Structure formats: C-alpha cells, structure tokens
Amino acid sequence: MTTTNKQTAAIWTEKLGDAYVGCYGLLDDLDREKDGTVEEQNAIGQAAKLIAEAQALLEKVAGFETE
C-alpha cells in the first residue's frame, strides 16, 4: 500500500477514535440528564464497540497497533 493511503488510514483511525470517545461522552450526558431509553443507550454502547473494532482494523492497515 502506498504511503499516502497508509496516511489516509491513519487519519481515519484518529477520526474513529474521536467518534469512540464521543459515544461515551454521549452516554455520560444521557446518564447525568436521565435521558434516553435503555435501548438507545445500548445502541450507543454497541456503536462504540463497532467503532473500536473498525479502528483496530485501520490501525493494522496504517501500519501501527496499540496495545
């Protein structure tokens, strides 16, 4: 894979990291404000897990992995 494409994968990895953190920030807000149904909160938690999986895959493509 070209360096440019690896750099693009790294950029998307970072953006996914932001999305992951955002999911948990949203869950904190919902908990604090007593807002959102259990189903909605579970969906956000599931989204965070999928984002983490996608991020791990892109980290491999970009040529780095976090432990």
Side-chain angles (χ1 to χ4, degrees):
M1 181 181 293
T2 66
T3 300
T4 300
N5 287 332
K6 285 186 178 190
Q7 290 170 341
T8 300
I11 290 167
W12 282 108
T13 298
E14 183 177 338
K15 290 179 184 289
L16 285 171
D18 293 343
Y20 179 83
V21 170
C23 285
Y24 282 99
L26 177 56
L27 284 174
D28 287 344
D29 291 346
L30 294 177
D31 185 52
R32 184 178 55 255
E33 298 167 9
K34 304 299 181 220
D35 190 21
T37 65
V38 171
E39 291 82 15
E40 291 168 331
Q41 292 177 5
N42 288 340
I44 295 166
Q46 182 63 31
K49 289 178 185 175
L50 292 171
I51 290 167
E53 290 176 22
Q55 186 179 17
L57 291 170
L58 278 175
E59 285 174 349
K60 289 180 183 177
V61 170
F64 59 91
E65 294 183 41
T66 57
E67 298 277 328

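Source: prediction; values computed, not measured.
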Provide the closest heavy-atom pair for C23 versus I51 in the form atom of the first, atom of the second, distance.
SG-CD1, 3.9 Å

Can you measure from NZ (K60) to OG1 (T13) and round to the nearest 0.5 angstrom?
12.0 Å

Check A48 against Y20 and note the closest heavy-atom contact, atom names and distance.
O-CD1, 3.2 Å

Tell me who clusters with V61, hydrophobic residues only, linked when side chains sit under 4.5 Å apart either directly or through other members.
M1

Look up atom CD1 in I44 and atom NZ in K49, then write down how far apart they are to the nearest 0.5 Å.
13.0 Å

Distance check, rounded to the nearest 0.5 Å: Q55 atom CD versus E59 atom CD?
5.0 Å

Side-chain donor-acceptor pair present, N5, T2, cut-off under 3.5 Å
yes

Would Y24 end up clustered with L16 when hydrophobic side chains under 4.5 Å apart are linked, directly or stepwise?
yes

Backbone N or O of I11 within a donor-acceptor pair of the E14 side chain at under 3.5 Å?
no

Do K15 and D18 sit within salt-bridge range, that is, some charged N less than 4.0 Å from a carboxylate O?
no

How far does OG1 of T37 sit from CG of N42, to the nearest 0.5 angstrom?
8.0 Å

Donor-acceptor pair, side chain of Q41 and main chain of D35, under 3.5 angstrom
yes

